[in-house]
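Position 1 is the first residue of the sequence, and the numbers go up from there.
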Amino acid sequence: MQKKALSYRLGRFINKLRWPIIVLWLLAILLCIPFLPHIITPFKTTGFIDESSASARAEQYMDKKLGYNDKNKFLIMYQSPKLLATKSQFKEKIKKSLSDLKDFPIKHEIIYPDDTHQISKDKHTAYVAVIIKTNKPISDELLAQFKKSIKKPAHMTVLLGGEPLFVQNVNTQTQTDLYKADFVATPVAIITLILVFGSVVAATLPIILGGGCAIIILTTLYFLGHLFTLSIFTINIALLLGLCLCLDYSLFFISRFRDELKNGLNIEEAIATTQETAGKAIFFSGLAVFISLSALFLFPVNILFSVAVGGLAAVFFAVLISTIFLPAILAVLKSKINFLSVRLFRNKNHYSWWRWLAERVVRRPYLFFFPILIFLLVLGYPFLEAKFGISDYRIFPENSEHRAFYDVYSKKFQNEQLNPIVLVIESPSSSITSRNKLSKIYNLVHKLKHNPSVKEVNGIISSKSDLKKDQYYTLYHLNKKLLDPRVKQLLETTTTKHLAVINVISKYPVNSEETKNLINELHHIKLGSGLKVQLTGVAVSNIDVLHSIYRVLPYAILWIIVFSYLILLLLLRSLFLPLKAILMTLLSLCASYGALVFVFQQGFMANILNFQPQEMLNISLLVIIFCALFGFSMDYEVFLLTRIKEAHQLTKDNNQSIIFGIEKSSRIITSAALIVIVICCSFLIADVLMVKAFGLGIAVAIFVDAFLIRSFLVPATMALFKNWVWYLPKWLDRLLPKL
C-alpha cells in the first residue's frame, strides 16, 4: 500500500482532533480581546529612518549630550486678527495660556517668540517652542496632560504641532481608517462570497475567519511593539495583508472541500484530500509570501523592518488558520457547509465560460499574448518618470484637522524652518566657546550666509546677528547671573561644554535637488582646530534612507527571485514555469507602479481620492509593495499551476491541462481577487496617504494579475511553449525532494 503524503495524514489528524483545535482557537481569540483597545499604544514613530546611518548616530549623540530628544519638541502657534505679536499684550496672553505647564511633570524649556523668526511677517501670528527634556518617547497620558495644560486665550486661535502630536494624529486616523474600510469592505465581501459559494454558511465562514485572524494579528503586533520599535504604518499594512490572505486561502480551501464532497468522498477523506491538494498549495503560497516579505529585513530602514515583522506575523496566522483551524471547522460542519443555499445563477449544461475562454486562448495564443503584453507595458510606462522621496505632513489630505498647524505654518512662515539641516559640532579637547573654536564657527556661519541655497543659520552664532567674533566670545564668557535670559536659554538648549548645535535652514523644500546639493557641500566641511562636524535633521536623514534603500534593493530583489524560483521549482517540478511566474509578477508590478506614478505623483484623481500630490513617490512604499505583491501574485500562480499540474500528471496533454486548470481554478481565483480588490479599494477612503497608496497599488496589481495575466497571458504563454513548459532534467528530478 502506497504511503500517504504528510499533508494527507495531517488532514486526517485534524479531523480526529477537531474539537480541541476549535476550543483552543476560540480561547486564543478570547484572550486577545482585552488588549484590543490598547493596540496603538506601543507605536511611536513614523519609521522613515535608517537607524544605522551617520545622521541617526549623530542625532543619538546630540540627544545624549544635550539631555533631551530633539523630536520631543512642540510648537504652539497663536493667531490674533487684531493684536500684533510684537505687542506686550500678545505676549502676556501667551504666557497666561502656558501658565499651567509649570505643573507638567517633566523638565522643559519654553522659548517665547522674542526672536523675529518666530513671528510672522504680518505680525499677527507667532509660535512658542516647548522642548521636553527627556530622551524617552512621550506617553499618551503625558501628551494628553500637555495638551490639557494649554489654555486658549480669548479672541485668539491656538494650533499645536510637533512630532509626538503628528504620530498621535496618524495613530488616531489609522484607527478611524480601519473602521471605515471594514464598513465598506465587509458587506461587499459577503455578497461576493454568497455569489461564489451559493451558500450563506460557506460565504460567512471566511469572513468570520478573517475577523478572528485580524484580532490575533493585532494582539501579536501589540506585544511585538513592546519588543521592537515599530512604525505606526505597520498595523494597516499587516492587517490588509492578513485579511486578504486569510480570505484567499479560506476561499480556495472551502471550494476544494466542497468539490471533494461532490465527488462522493466521506468527510474524513474529503478533509484529508483537500489538505493534500489545496492545503499544500496554501502552504507553498504562504511560504512564497513569507520569503518575499522577509527580504524587507535586509533593509536597515525602520518602516521596512516594521512591515516585515507585521507582514510575517500576518502570513503565519493566515496560513495557520486556513490549514489547521478551517479544516477543523469543516470537519464539524460536514455537509452543512452548503446550508442556506442561495443559488442565483445555475449552469445547466455545465459548460463553463472559463473553459470556453481557455479553449480560444490556447487555440490562438499569439492573438492574446502580444496585445496583452503591450497593454501591460503601456500601463507601466509612467513609472519611467517616477521620482522618489520620503513623505511629510502631506500624508494627510488638505483641510484635514491634523494638517491645520502645518498649513497655517506654511502660509505664515517658511516650511523649511521646521526641518533644518542640523550641524553637530564637537570640540573634544577644549571648550566649544573658546576664542579659537568660536572663531571657526563664526567663519563657517558667515560663509554659509552667502550660500545661495541658505536662508539663515542660527545657533550660538547666527547669520542674522551683527555681533563680531570678539563680542560673541565676551557674551558667552559673562557671569551666568549677568547673562540675558534668552542667551542663557539658547546655551542650555543648543550647547554643552564640548558641543554646539547649528541649524542651517535651506531656501528650498526638504526633498529638492538644491537642498540635497547643499547637504552634500556641508558633508565636505572641514573646520580644523580639532573640531568635528556631523550632520543630522530630516533632510539629511531622508537622503540616508534613500541611499540605504538603493544600496540594498538589488540584493533584496535577488533574494526574492531566487527563493521564489526554488519554491516553485520544488512544487511544480519544471524549469520554465517558475521563471514564467516571476516574469508575470514583474509585469503586474510594472502596471501597479505606473498607476501609482499616474495617480499619486502626477495627481490624477487627487480631488476624487481626497489627497494632495507630493510630486514624488515614497520609496519605502514602493519596496513594501514590491515584496508584498511578489507574494500575492505567487498566490494565484500557485493555485492555478497546481491545478494544471494535477491534470498534466494524468493526461500528459499540455493544452487540455491548461484548459482544465483554467476551468477549475479561474472562478475561484477571480472571486478571491475581487474580494482582495474590494478590501484594498476600501483603503482608498483612508485619510493617511501611505495607506491609500498601498491599497491602490495592491488593487491594480491584483486586478491585472487575476483578470489579464492569469486569464490570458499565462495560458497563452504555456500554449506557445507547449511541452517545454514541463521540462525538468532527470538528474535534477532525482535531486529534488519528492513532495
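For the pair Y593/V597, no side-chain contact is recorded, criterion being any heavy-atom separation below 4.5 Å from C-beta on. Between I560 and I291, the closest side-chain pair of non-hydrogen atoms is not below 4.5 Å. The side-chain heavy atoms of S711 and I662, taken from C-beta on, include no pair separated by under 4.5 Å. For the pair I549 and F299, the minimum side-chain heavy-atom distance is below 4.5 Å. Side-chain atoms of I658 and V714, non-hydrogen and from C-beta on, never get closer than 4.5 Å to each other. Between I271 and I267 there is a side-chain heavy-atom pair separated by less than 4.5 Å.
Separation of atoms CD1 (I321) and SG (C213) is listed at 4.0 Å; rounding is to 0.5 Å. Rounded to the nearest 0.5 angstrom, N266 CG and S335 OG are separated by 12.0 Å.
Listed by first and then second residue, the salt bridge (charged side-chain N to carboxylate O under 4.0 Å, His left out) pairs that reach into residues 694-710 are E637-R710, D705-R710, sequence neighbours excluded. Here ring-ring contact (aromatic ring centres under 6.0 Å, His included) pairs that include residues 239-258, with residues two or more places apart or in two chains, are F252-F639.
Taking the six-membered ring for Trp and the full ring otherwise, the centers of F600 and F611 sit less than 6.0 Å from each other. Checked against the 6.0 Å centroid threshold, Y555 and W559 do not count as a close aromatic pair.
At distances below 3.5 Å, not a single donor-acceptor pair connects side-chain atoms of K280 with backbone N or O atoms of Q275. A donor-acceptor pair under 3.5 Å is absent between the side-chain atoms of R643 and the main chain of L640, judged by distance alone. A donor-acceptor pair under 3.5 Å is absent between the side-chain atoms of R573 and the main chain of K645, judged by distance alone. With hydrogens and angles disregarded, no donor-acceptor distance shorter than 3.5 Å links the side chain of T273 to the backbone of A270. The backbone N or O of N655 lies less than 3.5 Å from a partner atom in the side chain of D653, making a donor-acceptor pair. At distances below 3.5 Å, not a single donor-acceptor pair connects side-chain atoms of K580 with backbone N or O atoms of T717. Put simply, the side chain of S657 gets close to the backbone of H648: a donor and an acceptor are under 3.5 Å apart. R18 contributes no side-chain N or O that, together with a main-chain N or O of I14, makes up a donor-acceptor pair within less than 3.5 Å. Between the side chain of S592 and the backbone N or O of G697, at least one donor-acceptor pair lies under 3.5 Å. Put simply, the side chain of S682 never gets that close to the backbone of V184: no donor and acceptor are under 3.5 Å apart.
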request  = Could you walk me through whether I709 and V704 pass side chain to side chain contact (heavy atoms under 4.5 Å, CB included), step by step?
outcome  = CA-CA 6 Å; I709 290 177; V704 166; 3.9 Å; yes
request  = In sequence, state the C-alpha distance, the side-chain angles, and the governing distance for F325 and L24, and then conclude on side chain to side chain contact (heavy atoms under 4.5 Å, CB included).
outcome  = CA-CA 9 Å; F325 184 47; L24 189 64; over 6 Å; no
request  = Please assess L589 against L586 for the test side chain to side chain contact (heavy atoms under 4.5 Å, CB included), listing each intermediate value before the final yes or no.
outcome  = CA-CA 5 Å; L589 272 163; L586 290 175; 4.2 Å; yes
request  = Step by step, work out the side chain to side chain contact (heavy atoms under 4.5 Å, CB included) result for L572 and V638.
outcome  = CA-CA 9 Å; L572 301 172; V638 166; over 6 Å; no
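Residues passing the side chain to side chain donor-acceptor pair (under 3.5 Å) test with S250: none are found, sequence neighbours excluded. Taking the side-chain contact (heavy atoms from CB on, under 4.5 Å) definition, one finds that L579 meets it with Y565, L583, sequence neighbours left out. For E260, the side chain to side chain donor-acceptor pair (under 3.5 Å) criterion is met by R256, not counting sequence neighbours. Residues that satisfy the salt bridge (charged side-chain N to carboxylate O under 4.0 Å, His left out) test with R12, not counting sequence neighbours, are E268, E269. Qualifying side-chain contact (heavy atoms from CB on, under 4.5 Å) partners for L367, counting only residues two or more places apart in sequence or in other chains: R364. Every residue meeting the side chain to side chain donor-acceptor pair (under 3.5 Å) condition with N654, not counting sequence neighbours, appears here in chain and number order: W726. Taking Q649 as the reference, nothing meets the side chain to side chain donor-acceptor pair (under 3.5 Å) condition, with sequence neighbours excluded.
Test R363, R355, K664 against I659 for side chain to side chain contact (heavy atoms under 4.5 Å, CB included) and you get one pass: R355.
For F183, the CZ atom counts as loosely surrounded, since its 6.0 Å shell holds 12 or fewer non-hydrogen atoms of other residues, nucleotides or ligands. In this structure, F375 places its CZ atom where only 12 or fewer heavy-atom neighbours from other residues, nucleotides or ligands lie under 6.0 Å away. When the shell of 6.0 Å around CZ of F383 is examined, it contains more than 12 heavy atoms from other residues, nucleotides or ligands.
Relative orientation of the F576 and F721 rings is tilted, given thresholds of 30° and 60° on the angle between their planes.
Classification of D733 and K730 as a salt-bridged pair fails, no side-chain N sitting under 4.0 Å from a carboxylate O.
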N/O donor-acceptor pairs under 3.5 Å from side chains in residues 312-319, not counting sequence neighbours:
none

Enumerate, atom names and distances included, each donor-acceptor pair closer than 3.5 Å involving a side-chain atom of residues 620-629, sequence neighbours excluded.
none

What pairs of donor and acceptor atoms, side-chain ones from residues 233-247 against any protein atom, are under 3.5 angstrom apart with sequence neighbours left out?
unit_1: T234; atom_1: OG1; unit_2: S231; atom_2: O; d: 2.6

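With hydrogens and angles left out, the side-chain atoms of Q601 and E385 include no donor and acceptor closer than 3.5 Å.
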